[in-house]
Amino acid sequence: MLLLFQLFWLLLYVASLTGVDAQFPRPCTTPEALQTRTCCPLLNGSPCGFSSGRGVCAPHPARDLPKPVDYRVNWPRVFYDSVCTCWGNYDGYDCSQCLPGWTGSQCLQRHHVERKEITDLSDSERETFISSLHQAKHSPSGRYMILTSNDTTVEGNYVFHNTSVYDLYVWMHYYSAKSYAGSENNAAHRGPAFIFWHRVFLLFIEREIRELTGNQDFYIPYWDWTRTNHCNICTNEYFGGVGQDGRIDSTSQFSKWKTICPYQESLGIICIHSDAAGPAHLIRNPGKDPVYKTLPTAADVEDTMATALFDTPPFDKTSRKSFRNKLEGFEFPSDSRDLNASMHNLVHRYLNGTMSLVPTAANDPIFMLHHSFVDKLLETWLQDHGEATYPDSDHVHPAQRAQAYMAPFFPLRTNNYYWGRDTQSLGYSYKEHSLSRPAARNSGTRGAAGSVADSTAHGVQWQWPVLGVVSAVLVFGIVAAAFKCKGKIQQAQETKTEEKQSEFDFRSNSLYAVWTKDRNGHTDKSSVDIVFGAAHSQDAAPRFSSEESSSSVDGHVEIHL
């Protein structure tokens, strides 16, 4: 009994230390899961994959916050008291996935992608990326459902709906970007969590599209809007040209995209469609708003990156000398352009359409490329300011404080969780855009061929020089192969070291050690049930099989609490 008591408090302690990716997992929208207030789906026969050492269903501590007016503030207390806490490199709402940057059946292998600038993609890369977006837009999500609510201040009358993988991503942004009732604040903007919330957001949709397409190297490129004075990707080659009415050119597949979650002024509404009109099409009118007719410049970026402090009081849109607020675009440089918005905000306003209303902006696929570039700027700034810290102040809105959980992500992640994790550790990096173009390289090749022809025309004995060049190439090839071989050996050794270290870290987890000891001691199921409570039994949150998921995506579930 004493061991059980100690294990219970150990669970509480570990849950308080661990930032415990997104929304309403399908198994957690059942009446049983909502009534027991438990989101711990079965994996390998036990909640959160407990029996296979992946994680544990653990209570998450209530934060020291005032009772929220809006139920999104203290996420996810209105819905669940217990959620999965994953061990080691395991991740996901049921611990079935790997943390960003890891792969393999046991999540012990490093995985890395390099995000390129969108216009630097090859034709094949661009077509693959765009086709993946179309697949996500038209493929139902078997893993998640979205919620609608008539009033976010009333704990009841929720309705969960099926949705596509891409529209799930749109809904997540809407859910967090819509202002809380009675204020201008939200979970993802106008505060220190702004850049990190969107980093997690991009990692989430990248992973969901990888799962959907089977392409584990899928990534979101970035759009460097300082390289152009107009929307150079508003063409049919990329995301669709635009007509006089702002509609996407009919020859582009994006002209058929419908938006979800229309913007409504009522602060209590979450993603309710109006009966008066059906879903709207994507709209863009880049540069046609006389107030926001320019894109940010390289000088604007330089001014932003030169800011010394990450954020400053009062940690909202009025903050001054704040890197976060300059990057977000509420604090802008004083220059002859007389801007009313800058940086991130200015890009949204410049596109003058679906992108201009922040809660609905993610409907436009340009949104993710825009935020990928914002994330690139964040990483550059963090690398240059290693001494910076996430603000720890009561002036920060409760939903964006360091230890508050990001809504609506599962497993739970605190706003400062990713502060000490650079992009390399998260499995990606940014490639600087190409300065040379294929035409220049082709020109060089043609020049070399011309030189050989000229030499022959002048009667030069070319055989020996050519043989010399060939010999040099062969020598160079042998040396390069040796280095490559050495590099592969070194890389393999490093991978083994990483896997060993990761395995060591995983198995030295105090809670895992207790679990191993109990398992080796043949702990019976009844003692486990006592520790985790009846709410964690296998009947509390049944796991959907792939057949059940695919057969149930056509309807919606209405839950009245």
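Excluded from the calculations below are hydrogen atoms, water molecules and symmetry mates; all remaining heavy atoms, backbone and side chain alike, are included.
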Looking only at the side chains, is there a donor atom on one of Ser342 and Asp300 sitting less than 3.5 Å from an acceptor on the other? no
Determine whether Cys39 and Cys84 satisfy the following criterion, disulfide (SG to SG under 2.5 Å), listing intermediate values before the conclusion. CA-CA 7 Å; Cys39 184; Cys84 289; over 6 Å; no
Could you tell me whether Trp197 and Phe409 have their ring centroids closer than 6.0 angstrom? yes
Under 6.0 Å between the ring centres of Tyr169 and Phe201? yes
Option among Leu369, Ile195, Val347 that satisfies the side chain to side chain contact (heavy atoms under 4.5 Å, CB included) test with Val374: Ile195
Does Thr297 reach the side chain of Thr226, with side-chain heavy atoms less than 4.5 Å apart? no
Check Lys326 with Asp303, please: is the shortest side-chain N to carboxylate O separation under 4.0 Å? yes
Ion pair check, Glu211 and Arg207, cut-off under 4.0 Å: no
How about Asp422 and Ser425: does a side-chain donor come under 3.5 Å of a side-chain acceptor? yes
Which heavy atom in Leu282 sits nearest to a heavy atom in Pro365, and how many Å separate them? CD1-CD, 4.0 Å
Applying side-chain hydrogen bond (donor to acceptor under 3.5 Å, both in side chains) to Glu117 and not counting sequence neighbours gives Thr119, Arg227
Just so I know, are the side chains of Tyr350 and Pro286 near enough to count as touching, which here means a heavy-atom distance under 4.5 Å? yes
Check the side chains of Asn363 and Thr354 for a donor-acceptor pair under 3.5 angstrom, ignoring hydrogens and angles. no
Does Trp87 have Arg54 sitting over its ring (NZ/CZ under 6.0 Å from centre, angle to axis within 45°)? no
side-chain hydrogen bond (donor to acceptor under 3.5 Å, both in side chains) filter on Trp171, not counting sequence neighbours, yields none
Considering the options Trp257, Phe367, Phe254, which one meets the ring-ring contact (aromatic ring centres under 6.0 Å, His included) requirement together with Tyr166? Trp257
Which label fits Phe194 and His189: parallel for a plane angle under 30°, tilted from 30 to 60°, or perpendicular past 60°? tilted
Check for me whether the distance between the ring centres of Phe310 and His385 falls short of 6.0 Å. no
Salt bridge (charged side-chain N to carboxylate O under 4.0 Å, His left out) filter on Glu379, not counting sequence neighbours, yields Arg199
Using ring-ring contact (aromatic ring centres under 6.0 Å, His included) as the criterion, list what pairs up with His111, not counting sequence neighbours. none
Heavy-atom check, side chain of Val113 versus side chain of Arg210, under 4.5 Å: yes
With a 4.5 Å heavy-atom cut-off, do Asn415 and Pro192 have their side chains touching? no
Under 3.5 Å, is there a donor on one side chain and an acceptor on the other for Asp375 and Tyr428? yes
When you measure from the side chain of Thr228 to the backbone N and O of Trp225, does any donor-acceptor pair fall under 3.5 Å? no
The salt bridge (charged side-chain N to carboxylate O under 4.0 Å, His left out) partners of Glu237 (sequence neighbours excluded) come to Arg126
For Phe218, what residues pass the ring-ring contact (aromatic ring centres under 6.0 Å, His included) criterion, not counting sequence neighbours? Phe129
Is the backbone N or O of Leu99 less than 3.5 Å from a side-chain atom of Asp91, with the two atoms forming a donor-acceptor pair by type? no
Pair Phe24 and Trp75, ring centroids less than 6.0 Å apart: yes
When you compare the side chains of Gln97 and Arg143, does any donor N or O come within less than 3.5 Å of an acceptor on the partner? yes
Please name the pair of heavy atoms, one in Ile118 and one in Pro221, separated by the smallest distance, quoted to 0.1 Å. CD1-CG, 3.8 Å
With side chains defined as the heavy atoms from C-beta onward, is the minimum distance between Val358 and His173 less than 4.5 Å? yes
I want to check something: taking the side chain as every heavy atom from C-beta on, are Glu331 and Phe323 in contact at a cut-off of under 4.5 Å? no
Between Cys107 and Cys98, is a disulfide (SG to SG under 2.5 Å) present by the stated rule, with each step listed? CA-CA 5 Å; Cys107 302; Cys98 299; 2.0 Å; yes
Do any N or O atoms from the side chain of Tyr222 and from the backbone of Lys431 form a donor-acceptor pair under 3.5 angstrom? yes
Test disulfide (SG to SG under 2.5 Å) on Cys48 and Cys86; report intermediate values, then the result. CA-CA 7 Å; Cys48 312; Cys86 304; over 6 Å; no
Is a side-chain N or O of Ser429 found less than 3.5 angstrom from the main chain of Gln424, in a donor-acceptor match? no
